[in-house]
Amino acid sequence: MKSSKPTHHIRLLPSVDEIIRNQKLLETLNQNPRHLVVRATRHVLDEKRGHILAGALKPDNEEDLKAGIISEIIKLVHKHNTPGLRQVINATGVVIHTNLARALLSKSALQAVEMAASGYSNLELDLSTGKRGSRYAPLEDLLVELTGAEAALVVNNNASAVLLALGTLARGKEVIVSRGQLVEIGGSFRIPDVMAQSGAQLVEVGSTNKTYPADYQQATNDNTSLLLNVHTSNYRIVGFTRETTVRELAAVGREMGVPVMSDLGSGSLIDLSRFGLPYEPTVQETVAAGADLVTFSGDKLLGGPQAGILIGKKEIIDKMKKNPLTRAIRIDKFTVAALEATLREYRDSEKAIANIPTLRMLADGPAELLPRAKCLLKKLQQLNLADVDFKLVETISRVGGGAMPTADLPSTGVEILLQQTKINNLASCLRDHLPAVIGRIQNESLVLDMRTVQAKDMDQLFNAIRNCLMKI
Ligand SMILES: *Cc1c(COP(=O)(O)O)cnc(C)c1O
């Protein structure tokens with residue numbers, strides 16, 4: 001009679017050496033560094049040992065155990081060989097999806113990045129004089145031209161732009177903010193915390209739903225360095241509300257002799273109400289309204305690379321350029337290249353909408369979305385699979401990136417209807433696929449929103465769904 005004590009089962013575990021010498025691992029060993037295979041072998045053996053000791057695994061056949069171990073080793077080595085960062089087809093309908101890397105670059109931005117990455121460039125050389133130049137110069141010229149601001153600076157992301165602004169202008173001094181704007185952006189970026197980090201002292205005024213110009217005026221004193229307006233990106237206070245506009249704030253600022261800063265967060269150079277989205281002041285309008293300093297992201301509504309853009313009065317921007325922190329959060333050449341090309345597109349707003357993927361996706365209507373959905377639907381139906389249904393559905397896409405949280409973008413999707421347990425298997429298989437596919441599980445089905453699927457990815461999307469439906 002066989003004993004079922006763990007020690008008995010442990011004895012069935014092969015040694016690392018025995019496994020490595022197995023014929024079935026020969027191909028894996030030929031294609032990979034030996035130490036990688038040995039490491040994977042140790043890992044799988046340790047795991048099996050743990051399972052046996054915990055009573056979760058009771059093998060009684062040495063050959064079966066060995067075969068299972070080898071197949072897990074092969075899988076693990078394969079996993080180690082797959083890049084951690086990989087292509088994802090975004091079928092969620094969330095255009096600026098922070099978890100899926102936000103903005104896609106335009107063709108011109110991609111070309112610029114390739115140029116900058118594959119050869120030398122005049123990043124810090126002024127070609128007209130042969131002297132040292134500034135990496136910010138081409139960006140500053142374009143930003144001044146496009147926004148009407150006096151000067152500009154670009155840093156790593158908008159969070160660092162806000163930190164730099166507060167640290168430069170308000171260290172050891174007071175900054176007045178409305179109680180309705182003490183936002184948390186996500187990833188623990190909270191205005192009160194950023195304020196503390198920068199050495200500025202937060203002075204809250206007004207109430208959650210109402211803040212008047214007089215509230216700022218009354219709180220201003222000799223130690224006030226800044227009146228700060230923060231875009232409440234990812235939430236809305238609706239109903240009985242009153243926010244002080246940038247224009248009103250600028251009037252208070254002028255009267256009291258205190259600069260006004262507006263953290264726009266997303267910040268768009270184009271009025272998106274033409275796509276049926278809510279009207280929001282553009283970057284240019286915020287400058288024209290009298291803000292002395294405006295900050296916004298490069299990879300939200302602008303549709304460029306990750307960056308934090310600061311524009312405003314020359315005197316203020318000059319102070320920030322001299323702050324040593326600016327050197328620590330400076331942008332690299334890829335960002336300079338991609339952002340310059342992206343900004344160039346904005347010289348002609350029609351061109352920008354056609355060429356910048358973020359804007360194009362926001363602009364797409366039924367004429368673009370419906371044919372994409374119908375094409376995918378037809379190909380899926382032609383697979384003639386049992387136990388699965390496909391349907392064309394109306395869905396709602398979102399802007400995302402913490403922008404316009406209440407805005408609904410009517411869209412079209414393909415719905416995959418399966419048994420509940422199979423839906424989860426399908427979603428998990430699609431996440432594991434190369435490229436991965438992320439959809440939306442909704443009413444016990446999987447919905448693929450066509451707005452965020454790139455035309456060039458349609459075939460890959462179909463292949464991924466087909467492969468996974470065959471597997472689950
Ligand atoms: C998104 C956002 C930020 C942070 O910008 P990042 O580019 O993500 O660093 C700061 N402030 C507001 C209002 C935002 O919406």
Side-chain angles (χ1 to χ4, degrees), residues 94-105 139 143 152-167 169-170 175 177-198 200 202 211 226-237 243-246 249 260-269 272 277-278 280-283 286 291 293-312 320 325-326 328-332 334-336 338-339 342-343 358 398-407:
V94 180
V95 177
I96 309 167
H97 199 305
T98 297
N99 298 155
L100 301 183
R102 291 195 184 166
L104 317 185
L105 294 181
L139 300 176
L143 284 164
L153 177 64
V154 182
V155 295
N156 248 322
N157 51 38
N158 192 33
S160 54
V162 173
L163 187 65
L164 174 65
L166 294 174
L169 305 174
V175 177
V177 188
S178 160
R179 288 204 167 84
Q181 297 176 351
L182 297 174
V183 297
E184 171 173 324
I185 306 303
S188 71
F189 179 88
R190 290 176 168 176
I191 288 296
D193 299 343
V194 177
M195 199 78 82
Q197 178 70 39
S198 72
L202 170 67
T211 307
L226 207 57
L227 307 181
L228 174 62
N229 176 276
V230 183
H231 192 290
T232 59
S233 305
N234 45 15
Y235 70 99
R236 283 286 171 278
I237 299 173
E243 274 292 357
T244 299
T245 64
V246 170
L249 207 54
V260 169
M261 167 175 163
S262 172
D263 174 22
L264 279 180
S266 251
S268 177
L269 291 172
L272 301 171
L277 288 165
E280 281 193 6
T282 59
V283 174
T286 308
L293 178 62
V294 180
T295 55
F296 58 103
S297 280
D299 57 348
K300 287 185 182 172
L301 283 172
L302 193 75
Q306 177 190 304
I309 300 171
L310 303 109
I311 55 170
M320 291 190 295
L325 182 59
T326 300
I329 55 177
R330 80 174 181 188
I331 47 173
D332 64 15
F334 311 118
T335 306
V336 174
L339 188 57
T342 306
L343 290 171
T358 299
R398 299 267 171 222
V399 178
M404 306 185 175
T406 55

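From a predicted model like this one, the values you see are computed outputs, not experimental measurements. One-based numbering, in listed order, for ligands and for the atoms of each.
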Return the residue, atom name and 0.1 Å-rounded distance of the protein heavy atom closest to [atom].
atom                    : answer
atom 5 (O) of ligand 1  : N158 CB, 3.0 Å
atom 11 (N) of ligand 1 : D263 OD2, 2.6 Å
atom 13 (C) of ligand 1 : S233 OG, 3.2 Å
atom 9 (O) of ligand 1  : A159 N, 2.8 Å

Problem set entry | No-hydrogen, no-angle side-chain donor-acceptor test under 3.5 Å, N229 and D263 |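 No, no side-chain donor-acceptor pair sits under 3.5 Å.
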
Exercise. Have E280 and H231 got a donor and an acceptor in their side chains that come within less than 3.5 Å?
Worked result: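 Present: a donor and an acceptor within the cut-off.
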
Exercise. Which heavy-atom pair separates I191 from Q181 by the least distance, and what is that distance?
Worked result: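 Here I191 and Q181 meet closest at CG1-O, 4.2 Å.
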
Problem set entry | Shortest non-hydrogen contact from L104 toward T358 |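 Minimum heavy-atom separation between L104 and T358: N-OG1, 4.3 Å.
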
Per-atom contacts, ligand 1 versus [X] - under 4.0 Å to a heavy atom:
X    : value
N157 : 7 (O), 9 (O)
H231 : 13 (C)
S297 : 5 (O), 6 (P), 7 (O)

For this session: Please state whether K300 comes within less than 4.0 angstrom of ligand 1, counting heavy atoms only.
Result: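 Yes, K300 has a heavy atom closer than 4.0 Å to ligand 1.
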
Exercise. Does ligand 1 have an atom that lies less than 4.0 angstrom from a heavy atom of R102?
Worked result: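 Right, R102 reaches ligand 1.
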
For this session: Kindly check if the number of other-residue, nucleotide or ligand heavy atoms within 6.0 Å of CZ (R179) is above 12?
Result: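 Above 12, so yes.
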
Problem set entry | With N158, the side-chain contact (heavy atoms from CB on, under 4.5 Å) member among L264, L163, T295, I309 |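 In the set L264, L163, T295, I309, the residue that makes a side-chain contact (heavy atoms from CB on, under 4.5 Å) with N158 is T295.
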
Problem set entry | Side chain proximity check, I311 to L293, heavy atoms < 4.5 angstrom |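 No. Closest side-chain heavy atoms not under 4.5 Å.
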
